[in-house]
Amino acid sequence: MGLKKYFIFSVILIVAIFGFVYSLELGEYNVSLFDYSLALPISVWMIMPISLLALATIVHLLWYSVINFFKKRAIAKDYEAMIKMIKSNLLEKEEVSKFRTAEFKNLASIFSQLKLDVKENRFLSVDDELNKIVANVQDIKDGKFVNDKSLKVNDTTSLANLNMLNKVNEQIDFAVDVLKKPENYSSSVVLQSFENVLKDKSMTTMKKLYKNVKLDKDMANKLFAKDAANNEFGFTHEEIIKIVKDLEYTKDDYLALAKNYETILKPDQIIALFEKLSNEFEDATPAYLHVLFEYEMIDKAREVLANTKDNEYSAFKALLDLKEAGKHYNLEAISYRSEEHTSE
């Protein structure tokens with residue numbers, strides 16, 4: 001029974017009792033206490049206890065109604081805070097939410113140790129903002145670039161980085177802009193931009209941009225492959241030397257570089273390139289010898305080998321002996337890797 005109904009029925013009961021007793025015409029009753037006496041009609045004395053009980057009950061109901069109101073309000077506020085916490089979790093934000101009820105505090109403690117993810121299927125809730133956030137996160141994870149100002153994501157989060165990668169994959173001109181100022185972006189965004197521009201833009205464009213990026217060997221190999229396929233506007237010898245110098249190429253790296261260019265460059269060009277490399281970097285000598293043998297520059301190879309120690313480049317020296325003996329040989333059958341061990 002609600003407070004309003006209780007009050008109405010209590011008044012009806014009190015009036016009914018008062019009316020019944022009053023109709024009996026019982027007169028008055030005097031109550032004395034110490035020097036004080038009070039004379040009231042019997043009908044009034046009859047309704048006084050029930051009236052006091054009704055009043056106490058109403059006060060009791062009012063008190064617990066107020067308590068219940070504040071409890072419901074605390075639960076509603078905690079529900080809002082929990083939805084906010086879910087949104088922050090999806091957007092990878094570190095926000096502290098305050099909870100009032102013990103149940104929500106325990107739930108928040110558990111929730112803060114977990115990471116939410118979204119499923120591929122459609123998400124629906126009564127909160128439109130949450131629906132929009134989930135939809136945007138789903139799009140980002142599906143490889144779409146989301147350009148929504150309401151999606152407030154910190155630039156340092158993995159979600160923001162993934163969204164930036166999506167933009168790089170969708171907009172080649174943006175990828176070019178990334179390579180112009182790579183210091184403003186994460187390494188993964190720069191790498192993806194480098195690969196996309198390398199794939200879709202000309203070698204002329206790459207020559208303007210690659211110097212802005214800190215190359216690793218894999219990036220350099222892809223760059224050299226692009227150069228070999230578009231050599232008309234490719235690197236100069238000095239540019240190639242500068243790249244490999246910064247990367248501290250090994251013997252195997254130089255050999256791979258030689259094989260990359262040997263079918264593209266003219267013999268005099270690749271010989272000149274690797275002569276410069278071998279003069280500057282000792283580890284480039286096996287690749288230089290490979291080039292010399294590949295183009296039958298036997299006299300030049302003999303000259304290079306003559307200035308080496310007896311235990312160095314034994315594989316090439318064996319090739320030279322075979323050549324001078326007029327015997328056939330397979331250049332690829334020689335293991336250049338063994339040169340590392342003999343030279344050590």
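- Between the NZ atom in Lys222 and the CG atom in Asp216 there is a gap of 8.5 Å [rounded to 0.5 Å].
- Under the 3.5 Å distance criterion, the side-chain polar atoms of Asn260 are left unmatched by any main-chain donor or acceptor of Ala256.
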Pair up each side-chain donor or acceptor in residues 59-76 with any protein partner under 3.5 Å, not counting sequence neighbours, and list the distances.
from	atom 1	to	atom 2	distance (Å)
Ser65	OG	Leu61	O	2.7

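- With rounding to the nearest 0.5 angstrom, the CG atom of Leu215 is 5.5 Å from the CZ atom of Phe194.
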Pair up each side-chain donor or acceptor in residues 45-53 with any protein partner under 3.5 Å, not counting sequence neighbours, and list the distances.
from	atom 1	to	atom 2	distance (Å)
Trp45	NE1	Tyr29	O	2.9
Trp45	NE1	Leu40	O	3.1
Ser51	OG	Ile47	O	2.7

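- Within the 3.5 Å criterion, the main-chain N or O of Phe145 finds no donor-acceptor partner in the side chain of Asn169.
- Checking each of Lys93, Glu95, Glu94 against Ser88 for a side chain to side chain donor-acceptor pair (under 3.5 Å) leaves exactly one that passes, namely Glu95.
- No donor-acceptor pair under 3.5 Å is formed between the side chain of Asp78 and the backbone N or O of Phe104.
- Salt-bridge annotation for Asp227 and Lys207: absent, with no side-chain N of the basic residue lying under 4.0 Å from a carboxylate O of the acidic one.
- Under the 4.5 Å side-chain heavy-atom criterion for Ile, Leu, Val, Met, Phe, Trp and Tyr, Phe174 and Val146 are members of distinct hydrophobic clusters.
- Between the side chains of Thr157 and Asp155, no donor-acceptor pair of N or O atoms lies under 3.5 Å.
- Between the side chains of Glu170 and Asn166, no donor-acceptor pair of N or O atoms lies under 3.5 Å.
- Between the side chain of Asn161 and the main chain of Ser158, no donor-acceptor pair closer than 3.5 Å is present.
- In this structure, Tyr288 has its ring center no closer than 6.0 Å to that of Phe293.
- For Lys317 and Glu312, the salt-bridge test fails: no basic side-chain N is under 4.0 Å from an acidic carboxylate O.
- At a threshold of 4.5 Å between side-chain heavy atoms, the hydrophobic network of Ile, Leu, Val, Met, Phe, Trp and Tyr places Val190 and Leu162 in two separate groups.
- Under 4.0 Å is where a charged nitrogen must lie from a carboxylate oxygen, and between Lys132 and Asp128 no such pair does.
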